[in-house]
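In what follows, a structure is listed as structure tokens, so that the remarks can point back to it.
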Amino acid sequence: NAGVTQTPKFRVLKTGQSMTLLCAQDMNHEYMYWYRQDPGMGLRLIHYSVGEGTTAKGEVPDGYNVSRLKKQNFLLGLESAAPSQTSVYFCASRTVQGGSPLHFGNGTRLTVT
Amino acid sequence: SQELEQSPQSLIVQEGKNLTINCTSSKTLYGLYWYKQKYGEGLIFLMMLQKGGEEKSHEKITAKLDEKKQQSSLHITASQPSHAGIYLCGADMGTDKLIFGTGTRLQVFP
């Protein structure tokens with residue numbers, strides 16, 4: 001049972017390049033989330049999804065897009081990367097709203113030069 | 001997140017000492033979650049609190065949620081080097097979002 005898997009683990013981009021981060025969960029969870037973690041900032045919610053085909057904005061959505069075409073996958077896209085998007089990105093999932101904790105992936109460390 | 005304030009930001013304690021980390025909101029918390037993160041690694045779920053006045057313990061870590069469900073504390077008794085890391089509180093604010101505080105960096109020295 002893999003839980004939540006994020007790919008890639010590390011990536012370096014040049015300003016203006018695009019990329020997609022993939023999150024996959026095998027727990028049949030309805031809810032999925034993308035967070036970014038910066039030094040001294042804790043975790044900030046980028047986008048989230050409450051089910052297949054649905055997405056919603058979090059606290060810091062600008063510069064990112066997401067898609068949830070399949071229940072088990074949640075993709076985070078950067079169309080034109082900026083140095084301010086250098087961060088560690090975490091994906092998480094959980095079964096129902098309230099009363100269940102998030103299961104986290106191991107993170108993707110992204111550097112934009 | 002400004003909706004969830006965590007204090008202190010950093011804590012350095014001597015091994016064997018007790019310590020408390022606080023997590024506060026101006027809004028009602030419908031679910032409060034505590035996580036621990038080792039430096040450079042993923043997040044480990046510690047405890048979840050939902051009811052006002054609820055208290056849970058695991059080994060030497062105790063978490064409480066106040067009666068108003070706006071503040072939670074995490075208390076570590078007789079700290080050990082293995083307790084070092086970043087502690088994060090997360091909360092359901094009554095929507096589908098789950099937001100986090102800014103984290104507390106704990107260092108324990110011998």
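Throughout, protein chains are lettered first and strands after them, A, B, ... in sequence-line order, and every chain is numbered starting at 1.
The stretch residues 12-33 of chain B participates, sequence neighbours left out, in these salt bridge (charged side-chain N to carboxylate O under 4.0 Å, His left out) pairs: Glu3(B)-Lys27(B). The disulfide bond (SG atoms under 2.5 Å apart) analysis of residues 7-99 of chain B, with sequence neighbours excluded, yields the pairs Cys23(B)-Cys89(B).
Contact detail for Phe100(B) and Leu88(B): the closest heavy-atom pair is CD2-CB, 4.2 Å.
Linking ILVMFWY side-chain heavy atoms closer than 4.5 Å, directly or via other members, places Ile99(B) and Ile46(A) in two distinct hydrophobic clusters.
Contacts with chain B were tallied for Pro101(A), Gly107(A), Ala56(A), Gly105(A); Pro101(A) has the most, counting heavy-atom pairs under 4.5 Å.
Heavy-atom distances place both the backbone and the side chain of Leu98(B) under 4.5 Å from chain A. Proximity to chain B is limited to the backbone of Lys57(A), based on heavy atoms less than 4.5 angstrom apart.
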* To do: Apply side-chain contact (heavy atoms from CB on, under 4.5 Å) to the pair Tyr35(A) and Leu43(B), showing each step before the final yes or no.
  => CA-CA 12 Å; Tyr35(A) 293 89; Leu43(B) 286 86; over 6 Å; no
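Residues of residues 48-55 of chain A lying within less than 4.5 angstrom of chain B, judged on heavy atoms, are Tyr48(A), Val50(A) in numerical order.
Between the side chains of Thr20(B) and His75(B), at least one donor N or O sits under 3.5 Å from an acceptor N or O.
Scanning for side chain to side chain donor-acceptor pair (under 3.5 Å) contacts around Gln6(B) gives Thr104(B), with sequence neighbours left out.
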